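All residue numbers refer to positions in the sequence shown, counting from 1. No experiment lies behind these values; they were computed from the predicted model shown.
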Amino acid sequence: MNQNIGLIAKKVGMTHAFSEGGIRRPATVLYTPKCVVTAIRSAEKHGYTALQVGVISDDPKERVKAKRVSKPVQGQFKETSVPSAVKEFRVSAEVAAKYKVGDVVGPDIFVKGQRVDVQGRTMGKGYQGVVRKYGFKGFGDTHGTHEAFRGGGSIGQRSWPGRVMRGRKMSGHMGDQVRTVLNLEVLELSPQESKLVVSGAIPGSS
């Protein structure tokens with residue numbers, strides 16, 4: 001169970017930071033737009049406790065127009081504006097009791113040195129073969145190899161099982177998947193600039 005609410009952030013780029021011992025550490029800069037609590041889930045009504053956070057810009061031109069979404073979505077966010085992005089965070093009942101719908105949350109919910117988990121979507125690589133996707137060696141240039149230098153080889157047997165086994169490593173779409181990086185350290189906080197610096201790298205392009 002999370003002990004704190006989370007934020008929706010955008011990866012700005014990478015930089016570096018130095019530890020007290022002078023060791024250079026890679027770091028990622030995150031921009032946190034205005035995040036608003038859009039809904040509260042309770043164990044009595046929904047069966048679990050969580051806080052729903054959405055990105056709602058202060059600029060009316062950047063806000064999602066109500067006419068662009070369906071009636072159910074308009075009703076879901078009738079207490080706030082329709083957010084451009086939504087994320088739900090499971091929290092304890094004690095944490096949920098500290099917030100109400102419409103509250104603004106920012107980088108100041110974290111403290112320097114705190115450990116956080118960051119979830120992001122990896123960069124899409126398109127359709128790739130087995131050499132790039134899985135690191136297959138491929139075939140040699142001699143001993144009769146013809147137009148199969150980067151092929152995957154045999155994918156099955158004969159009469160049994162008579163099909164390709166599930167999970168076989170083959171060519172296909174690569175990247176564009178949700179991945180979570182655990183236990184990153186918060187290195188710097190800048191609530192005034194809505195920026196957050198965490199150690200290490202996170203998925204996604206900047």
Side-chain angles (χ1 to χ4, degrees), residues 1-19 23-39 41 48-59 62-64 69 73 76-77 80-92 95-96 99 103-128 132-135 167 169 171-206:
M1 182 69 67
N2 294 333
Q3 299 301 319
N4 202 350
I5 190 174
L7 291 176
I8 301 175
K10 179 180 179 181
K11 182 179 177 181
V12 177
M14 292 200 67
T15 181
H16 62 265
F18 291 92
S19 65
I23 300 176
R24 182 174 178 270
R25 304 172 62 187
T28 304
V29 182
L30 302 175
Y31 169 71
T32 58
K34 182 181 178 182
C35 294
V36 178
V37 178
T38 55
R41 310 299 186 194
Y48 65 98
T49 306
L51 291 172
Q52 186 186 86
V53 176
V55 176
I56 301 178
S57 175
D58 289 328
D59 187 356
E62 297 180 358
R63 290 188 178 182
V64 179
V69 298
V73 175
Q76 180 183 358
F77 301 106
T80 61
S81 300
V82 178
S84 57
V86 178
K87 180 68 177 178
E88 197 169 276
F89 299 95
R90 295 287 185 99
V91 297
S92 62
V95 174
Y99 296 91
D103 285 351
V104 178
V105 292
D108 52 353
I109 65 173
F110 301 113
V111 295
K112 188 175 180 180
Q114 181 179 350
R115 295 286 178 171
V116 296
D117 299 338
V118 182
Q119 188 178 83
R121 184 172 291 274
T122 61
M123 295 175 60
K125 305 294 184 180
Y127 191 96
Q128 300 296 333
R132 182 175 184 188
K133 189 175 182 181
Y134 295 109
K169 293 181 178 180
S171 60
H173 188 260
M174 180 180 176
D176 195 26
Q177 295 179 331
V178 176
R179 290 289 182 266
T180 303
V181 183
L182 306 177
N183 206 30
L184 299 182
E185 182 182 354
V186 177
L187 300 178
E188 295 292 340
L189 288 169
S190 181
Q192 296 79 12
E193 299 179 353
S194 299
K195 289 185 179 180
L196 185 71
V197 180
V198 297
S199 63
I202 65 174
S205 59
S206 57

So do the side chains of [X] and [Y] get within less than 4.5 Å of each other, counting heavy atoms only?
{"X": "Phe110", "Y": "Leu7", "value": "yes"}
{"X": "Leu196", "Y": "Val186", "value": "yes"}
{"X": "Pro203", "Y": "Val181", "value": "yes"}
{"X": "Leu30", "Y": "Lys11", "value": "yes"}
{"X": "Phe77", "Y": "Val69", "value": "no"}

Over all atoms of both residues, closest heavy-atom pair of [X] and [Y]:
{"X": "Pro83", "Y": "Thr38", "value": "CG-CG2, 4.4 Å"}
{"X": "Cys35", "Y": "Val53", "value": "CB-CG1, 3.5 Å"}
{"X": "Pro26", "Y": "Met14", "value": "CB-CE, 4.2 Å"}
{"X": "Ala85", "Y": "Ile8", "value": "O-CD1, 3.8 Å"}
{"X": "Leu187", "Y": "Ala27", "value": "CD1-CB, 3.8 Å"}
{"X": "Asp117", "Y": "Asn183", "value": "OD1-N, 3.0 Å"}

I need the [X] [atom1] to [Y] [atom2] distance, nearest 0.5 Å.
{"X": "Gln128", "Y": "Lys133", "atom1": "CD", "atom2": "NZ", "value": "9.0 Å"}
{"X": "Arg90", "Y": "Ile5", "atom1": "CZ", "atom2": "CD1", "value": "14.0 Å"}
{"X": "Leu51", "Y": "Phe89", "atom1": "CG", "atom2": "CZ", "value": "9.5 Å"}
{"X": "Leu184", "Y": "Ile202", "atom1": "CG", "atom2": "CD1", "value": "8.0 Å"}
{"X": "Leu189", "Y": "Ile109", "atom1": "CG", "atom2": "CD1", "value": "10.0 Å"}

Who pairs with [X] by side chain to side chain donor-acceptor pair (under 3.5 Å), at least two apart in sequence or on another chain?
{"X": "Arg115", "value": "none"}
{"X": "Tyr48", "value": "Glu88"}
{"X": "Gln119", "value": "Lys87, Thr180"}

Check whether more than 12 heavy atoms from other residues, nucleotides or ligands sit under 6.0 Å from atom NZ of Lys10, and answer yes or no.
no
Got more than 12 heavy atoms from elsewhere within 6.0 Å of CG, Leu182?
yes
Counterpart residues, salt bridge (charged side-chain N to carboxylate O under 4.0 Å, His left out), relative to [X] (two or more places apart):
{"X": "Arg132", "answer": "none"}
{"X": "Glu62", "answer": "none"}
{"X": "Arg179", "answer": "none"}
{"X": "Lys34", "answer": "Asp58"}

For [X], enumerate each residue passing the side chain to side chain contact (heavy atoms under 4.5 Å, CB included) test, keeping only those at least two apart in sequence or located in another chain.
{"X": "Glu193", "value": "Ser190, Lys195"}
{"X": "Val12", "value": "Val29, Tyr31"}
{"X": "Asp176", "value": "Arg121, His173"}
{"X": "Ser205", "value": "Met123"}

Side chain to side chain contact (heavy atoms under 4.5 Å, CB included) for Val82 and Arg63? Distances and angles first, verdict last.
CA-CA 7 Å; Val82 178; Arg63 290 188 178 182; over 6 Å; no
With sequence neighbours left out, what residues match Tyr127 under ring-ring contact (aromatic ring centres under 6.0 Å, His included)?
none
Could you tell me if Thr122 and Gln177 have a donor-acceptor pair between their side chains, going purely by distance under 3.5 Å?
no
For the backbone of Ala9 and the side chain of Thr32, can you confirm whether one donor and one acceptor N or O come within less than 3.5 Å of each other?
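Here the side-chain-to-backbone pair does not exist.
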